[in-house]
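Since we're looking at a predicted model, the values are computed, not measured.
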Amino acid sequence: SSSGNGFPNFRRKPVIIIVVGMAGSGKTTLMHRLVAHTHIKNIRGYVMNLDPAVMTLPYASNIDIRDTVKYKEVMKQFNLGPNGGILTSMNLFATKFNEVISVIERRADQLDYVLVDTPGQIEIFTWSASGAIITEAFASTFPTVVAYVVDTPRSEDPTTFMSNMLYACSILYKTRLPLILTFNKVDVAAHQFALEWMEDFEAFQAAASSDQSYTSTLTQSLSLVLDEFYNNLKSVGVSAVSGAGMEAFFKVVEASADEYMDTY
Ligand code: GTP
C-alpha cells in the first residue's frame, strides 16, 4: 500500500501496538491475554517488555528491557528512587533503541504484530523524553498504534470517566498516533455507557450533573472539548479475564494501522 510518510522502506507489517494504561486498569493481564490470543490464532506476534522494574511477567517476551538494563543497579549507581530508577533505565535503553528496531526489521516478514508493554507508572512512558524517543523510533519505521487501557467499571463514575478521557486525550496529542480506547473488564461492566457518553455529550452532562462536586460549567466546556477528541478515535470493549473482545481488538488495530498508513 502506498503511504505519504516519506520513508522509502516503510512496510505495512508488523504493526506496533503500544499498550499503556493507568495502574490497576489491567494492562499486564490484558497483555497476557493478547499474547495468548496470538498463540491460539496463529497470529505472528512479537512481545516486548519496556518495564525495567517488573518482577515477574505472566507471559514470555522476545525483547525485555531487563536483559539490557538492571534497574536495581541503576538505582544504586545513580543514587535514585524507584521512579528515577525506571526513568534512567528507560533513558539508557532508549540510547540503544536503534538496535531493537533492527531486530524487528530483520524479522519483519515473519511478523504481524509487536505487542509492547510499558511501565506500570503510565506517565514515566507517556511524559518522558525516552518514551517519546522510543515511540518516535517505532512510528518512523512501522505503522504504530497506542492501545489505551481503561478500567471500565471504575469509569462508570462520570468524574473518573472524564479525567480518564482527558488523560487519553493528552496521549493522543503528545504521540499523534492512532489511539484505541480499550475498555477493559467488560465482564464486570459493559462499556455501553461509555459509548453513549462519547456519542452524546448531553447524556454525559446529565450523568455528571448528579455529581455535586463537579461544577457544571467546567463539565460542559470539557465535554465539548472531548466531543472533538472522540471523533478522532476508535474504541473497543475487552475482558482480559474472560477473553471477550480479542477478535474485535485486532480488527480495530488493523483499521488503525490503515489509518496510520493513510495519514503519515
Ligand atoms: P501493571 O500496572 O502493569 O502491573 O498492571 P495493572 O495494574 O494495570 O493491572 P493488572 O493486570 O495487575 O490488573 C489489576 C487488577 O484488575 C487485577 O486484580 C486483575 O485481576 C484485574 N483485572 C484485569 N483485567 C480484568 C478483566 O478483564 N476483568 C476483571 N474482572 N478483572 C480484571
Side-chain angles (χ1 to χ4, degrees), residues 17-37 51 54 56-59 115-126 145-172 178-216 218-220 222-223 225-227 229-253 256:
I17 308 170
I18 301 176
V19 182
V20 298
M22 299 270 184
S25 60
K27 193 170 60 63
T28 299
T29 316
L30 182 62
M31 272 294 294
H32 190 193
R33 175 62 69 179
L34 291 170
V35 171
H37 182 80
D51 188 350
V54 71
T56 51
L57 284 179
Y59 53 85
L115 285 161
V116 182
D117 200 357
T118 55
Q121 307 283 89
I122 184 171
E123 69 280 5
I124 290 181
F125 188 77
T126 53
V145 306
V146 176
Y148 181 75
V149 185
V150 179
D151 186 326
T152 309
R154 278 202 64 199
S155 300
E156 284 182 307
D157 167 46
T159 309
T160 308
F161 181 79
M162 178 164 278
S163 32
N164 216 334
M165 292 305 110
L166 287 170
Y167 201 90
C169 188
S170 74
I171 292 172
L172 177 79
L179 187 102
I180 302 166
L181 284 179
T182 309
F183 288 100
N184 188 29
K185 312 193 186 183
V186 296
D187 57 300
V188 178
H191 69 305
Q192 186 59 34
F193 73 90
L195 297 179
E196 278 162 19
W197 288 350
M198 290 162 65
E199 187 71 29
D200 174 6
F201 66 87
E202 285 176 336
F204 174 78
Q205 287 176 352
S209 66
S210 63
D211 184 344
Q212 295 302 319
S213 68
Y214 228 57
T215 72
S216 65
L218 181 62
T219 310
Q220 284 181 17
L222 287 179
S223 52
V225 171
L226 286 172
D227 197 49
F229 163 67
Y230 297 144
N231 290 333
N232 289 309
L233 28 114
K234 299 184 167 61
S235 55
V236 63
V238 298
S239 167
V241 164
S242 78
M246 289 301 113
E247 306 268 352
F249 176 83
F250 282 99
K251 257 195 200 138
V252 175
V253 166
S256 299

### Task
Report the distance from atom CD of Glu156 to atom CG of Asp151, rounding to the nearest 0.5 Å.
9.5 Å

### Message
Is the shortest side-chain heavy-atom distance between Lys251 and Val236 below 4.5 Å?
### Response
no

### Message
Just so I know, are the side chains of Thr182 and Asn184 near enough to count as touching, which here means a heavy-atom distance under 4.5 Å?
### Response
no

### Task
Mind checking the CE-CG spacing from Met31 to Leu57? Nearest 0.5 Å is all I need.
8.0 Å

### Heavy-atom check, side chain of Asn164 versus side chain of Arg154, under 4.5 Å
no

### Message
Restricting to non-hydrogen atoms, name the atom on Gly120 and the atom on Asp51 that form the minimum distance, rounded to 0.1 Å.
### Response
N-OD2, 3.4 Å

### Message
Ignoring hydrogens, what is the shortest heavy-atom contact between Thr118 and Lys27? Give both atom names and the distance.
### Response
O-NZ, 2.7 Å

### Query
In Å and rounded to the nearest 0.5 Å, what is the CG to CG distance from Leu222 to Asp227?
12.5 Å

### Task
Over all heavy atoms of both residues, which pair between Ser256 and Pro178 is shortest? Give the atoms and the distance, please.
O-CG, 3.6 Å

### Nearest-0.5 Å distance that lies between atom OG1 in Thr126 and atom CD1 in Ile171
5.0 Å

### Task
Decide yes or no on side-chain contact (heavy atoms from CB on, under 4.5 Å) for Leu166 and Phe229, but give the supporting numbers first.
CA-CA 9 Å; Leu166 287 170; Phe229 163 67; over 6 Å; no

#### Entry: Pairs involving residues 229-249, ordered by first then second residue, that meet salt bridge (Lys or Arg N to Asp or Glu O under 4.0 Å) (sequence neighbours left out)
Lys41-Glu247, Lys234-Glu259

### Task
List the atom of Gly245, the atom of Val238, and the distance in Å for their closest heavy-atom pair.
O-CG1, 3.6 Å

### Query
Given the side-chain rings of Phe249 and His37, with only the six-membered ring counted for Trp, is the space between their centroids under 6.0 Å?
no

### Donor-acceptor side-chain pairing of Ser242 and Asp187 below 3.5 angstrom
no

### Summary
All heavy atoms of Pro153 vs all of Ala189, minimum pair found to be CA-CB, 3.9 Å

### Query
Checking side-chain contact (heavy atoms from CB on, under 4.5 Å) for the pair Tyr59/Asp117: CA distance, chi angles, key distance, verdict?
CA-CA 11 Å; Tyr59 53 85; Asp117 200 357; 2.5 Å; yes

#### Entry: Parallel, tilted or perpendicular, as decided by the 30° and 60° cut-offs, for the rings of Trp197 and Phe204
perpendicular

### Query
How many angstroms lie between atom OH of Tyr230 and atom CG of Asp200, to the nearest 0.5 angstrom?
11.5 Å

#### Entry: Set of residues satisfying ring-ring contact (aromatic ring centres under 6.0 Å, His included) with respect to Phe183, sequence neighbours excluded
His191

### Query
In Å, rounded to the nearest 0.5 Å, how long is the span from CD of Gln192 to OG1 of Thr152?
12.0 Å

### Query
Run the side-chain contact (heavy atoms from CB on, under 4.5 Å) check on Leu195 and Ser235 step by step: do they pass?
CA-CA 8 Å; Leu195 297 179; Ser235 55; 3.5 Å; yes

### Query
Which atoms form the tightest heavy-atom contact between Ser155 and Phe193, and what is the distance?
O-CE1, 3.4 Å

### Task
Let me see the working for Tyr148 and Met22 under side-chain contact (heavy atoms from CB on, under 4.5 Å), right down to the final yes or no.
CA-CA 9 Å; Tyr148 181 75; Met22 299 270 184; 3.6 Å; yes

